[in-house]
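Worksheet: the structure to be examined is printed underneath.
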Amino acid sequence: MNEFIEQFLIECRELVEQGTDDLLLLEERPGDRERLDSAFRAFHTLKGAAGIVEFAAMESALHVAEDVLSTLRSGGPLITAAQVGDCLACLDQVLQWLDATEAAGEPPTDAQPAADAIIARFGQGAAPSTPAAETRLVEVLENGDLDAIARDLLREQAELLRQPELSPGHIASTLNVAGAVLRRLGRVDEATRLEGSGLSEAQPSRDAIESLIDGSLQLTAEGPAPAREAAEPAARSLRVALERIDALVNLTGELAVAKNALGHAATLARQGEAQALAPLLKEQHAELERLVAELQRSVLSIRVLPLRTVFQRFPRLVREMMVQLGKPVRLLTEGDGVEADKAIVENLFEPILHILRNALDHGVEPAEVRAAAGKPPSATISLRALRQGERVLIEIEDDGVGIDVAKVREVAVARGVASAEAVDAMDDTAVTDLIFSPGFSTASQVTAVSGRGVGMDAVRTAVERLGGRVAIDSRAGVGTTVRLMLPFTVIMTQVMTVEVGQQVFGIPMEALVETVRIPRERIAAVGTASAFVYRGRTVPLIDLSSALGQAACARGEEINIVIAQAGSELGGLEVDRLGERMDVMLKPMEGLLAGTPAVAGATFLGDGRVLIVLDLHQLLH
Amino acid sequence: MAYQVLMVDDSKLARMGLAKALAGLRPDWVRLEATNADEALALVRQSHVDIALLDFNMPGKDGLTLAAELRELKPTMPVAVISANVQHEIVTQARELGAEFLAKPLTAAALSEFVERAERRLKEGAE
């Protein structure tokens, strides 16, 4: 990628962010001159940037938006919600173009139809409405696992194309949305074909989208993993603050000094001055330890991103959901400057979006219900981030109706999530936690906003994959708070080492519940597997040596068991010996070992042995 | 003769584009960059600047205001205000300040003409 395109991408992303912030604020305070000027300048500079890299389609779309803002700026009427929507749609399109440019290394050459759709949108003023889904399509979609958002979006586009007398602009913009959804799923060829299909004919395009929805269902029925992987944004570059680089440069200098001191120690050793050597080596070891720790910290801090990069996308999305549902909502964001590892920040978008959608759909009451309950008609959803030591806490709090615990009990039993006896024995907190179970969804009707099928279990899985935990706290009539506890970095993992056979394994501390010793006779055979009773619960016993194809270990009268937890699953791991706690830098398995089941990664131990860190999710599920 | 040119634009991309175009026309000229009006004024006070190219749309002081302030510091310096909005009042105001107006995106031809006129003016001034 040449330096102009690189700079173009950096600047445009910042400008889109600025423009979006300005527009959302303008919607609340249409009379804010300063924001209007700032929004205008963002669009204007974006247009200029497009001109410099000769991206004519982007330039033409931005020109129309800039014209609108320019008129408003020179004493026109106040900006309307529709105009804010049009300008935001334009920025959305620009973001898609930026992604395409980043992927290809140059601006796309087939962008003009999408630009024309934006231009047409400004011409018509109003955005097209979204009619309710038709029963037949719902039936087709009902059993699928396809990402709920993608499915809803595709469905809506098919519905839009069903409307009579569509203008070419409407058709183009509809196809464009469907294309974008497919691209995000990594299905670029289908997206290109769809976007290129008859711009003047609604019928073939609609058929094409419907067949794709069917196709997507088949694809995801085989396994949702490929689609999810493709959906993860592939950011190739990072902007790093100069002081962070400077810190590394300083460390390099200090390491060089430490190296020289070792040279001096080597000389002493050669001269046989052992007495002087020991304290010197000890001192240097301590110094190197400090420097290496600092180096690790500095390198890891380069990989951090502020949560702003994901938080900034929500105001616009919440606004859209609010319009769709007809419930007035304010989204308050706090702590968007809090930083976390890039990999964490980039994978938080979907879980948070899902929680927000649930809050809007199920938590927030309609305005009249709120008024009757003596609440302000407009609901408030707070999205907060806090740094707590080595952890990052993200809270999503709504002031809605709260979770109906009685209904959760009822549904959990009805859907077979837990038995009636088990549910009866649970306290309210445990019952509330059931909403994270696979197969649970209290939505009694399908809505376009929170979709169907993909419940909060997807949130829990995604967060746990990042090494985090999810908790929920709800008070009837007052609201619900969902908390995501995430590690600051994904790379340092705290593990407990265990020995099985001759091999050392690491068990991530976040999965560790307790270690117990129990007599062998308490292990009961269940078919070909074995299980034991732990705190009144029957827990499967996993023989690590056979699960991982190792030689069987010596069998004593009592056995050491590590109780581990992944999601709602408990399991016991039989081990020979318990080791120590340590922080390790986990490297994903590469080469021949890549894809080894139940292994999260590996690292070296001080004595040169390899420590294999287990993936409890795979081992227990 | 090799002159020192000051380029003022808050967009690094725009400065990169301008620098590339200028390097193509006058490779021996020294190019200075500023990201806003205050930086530009500081540079003009500190170092020698022969020619200034200013973006119109910048946060803080805009290009016209900057042109007026530069005019007070250096009454004869060739100055161009560059903008993508070819609006009558901007063009007129630039002319009134004795600055040239150049439309964005800047073409090599338009920049070349400005550079030649600027050179002539500087030569005449020196004689």
Side-chain angles (χ1 to χ4, degrees), chain A residues 1-16 18-19 21-22 33-75 94 98 101 107 237 239 242, chain B residues 7-25 31 33-40 53-66 80-94 101-112 114:
Chain A
M1 205 184 299
N2 78 41
E3 52 172 339
F4 276 83
I5 297 292
E6 247 169 66
Q7 187 61 32
F8 168 75
L9 290 171
I10 292 172
E11 256 173 50
C12 289
R13 287 195 195 280
E14 286 173 1
L15 290 164
V16 168
Q18 180 65 52
D21 285 354
D22 291 336
R33 290 284 313 178
E34 233 168 80
R35 282 290 173 166
L36 185 59
D37 283 350
S38 175
F40 169 81
R41 210 161 38 238
F43 277 84
H44 176 83
T45 313
L46 274 169
K47 186 181 87 173
I52 290 169
V53 299
E54 296 176 349
F55 189 170
M58 177 167 148
E59 217 181 333
S60 66
L62 285 161
H63 180 74
V64 184
E66 186 201 0
D67 260 0
V68 168
L69 293 171
S70 174
T71 313
L72 295 169
R73 209 167 154 234
S74 48
V94 167
L98 296 178
T101 306
S237 55
R239 294 191 90 178
L242 202 56
Chain B
M7 304 177 294
V8 191
D9 198 314
D10 54 316
S11 157
K12 186 180 171 196
L13 182 66
R15 295 197 306 275
M16 284 164 69
L18 190 53
K20 192 179 167 197
L22 259 179
L25 291 169
R31 296 178 296 274
E33 296 186 19
T35 62
N36 59 48
D38 292 336
E39 261 183 59
L53 288 156
L54 320 175
D55 178 39
F56 170 66
N57 246 296
M58 293 187 287
K61 272 181 213 161
D62 67 28
L64 279 175
T65 317
L66 174 59
V81 175
I82 310 170
S83 174
N85 322 63
V86 188
Q87 281 168 12
H88 185 65
E89 63 258 49
I90 300 176
V91 180
T92 324
Q93 278 186 54
F101 179 88
L102 300 176
K104 235 184 191 178
L106 199 51
T107 62
L111 182 63
S112 173
F114 167 74

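Each chain gets a letter, A, B and so on, in the order the sequences are listed, and its residues count up from 1.
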Checklist entry - Between A:E59 and chain B, which part of the residue has a heavy atom less than 4.5 Å away: side chain, backbone, both or neither? => result side chain
Checklist entry - Is chain B contacted by the side chain of A:S38, its backbone, both, or neither, given a heavy-atom distance below 4.5 Å? => result neither
Going by atom type alone, with no hydrogens or angles, which donor-acceptor pairs under 3.5 Å involve a side-chain atom of residues 45-53 of chain A and a protein atom two or more places apart or on another chain?
{"from": "A:T45", "atom 1": "OG1", "to": "A:R41", "atom 2": "O", "distance (Å)": "2.7"}
{"from": "A:K47", "atom 1": "NZ", "to": "A:H63", "atom 2": "ND1", "distance (Å)": "3.2"}
{"from": "A:K47", "atom 1": "NZ", "to": "A:E66", "atom 2": "OE1", "distance (Å)": "2.8"}

Checklist entry - Any sub-3.5 Å donor-acceptor pair from A:Q7's side-chain atoms to B:M16's backbone N or O? => result no
Next on the checklist: Does anything in residues 8-24 of chain B form a salt bridge (Lys or Arg N to Asp or Glu O under 4.0 Å)? List the pairs, not counting sequence neighbours.
Outcome noted: B:D9-B:K104, B:R15-B:E33
Next on the checklist: To the closest 0.5 Å, what do you measure between CD (A:E3) and CG (B:L13)?
Outcome noted: 10.0 Å
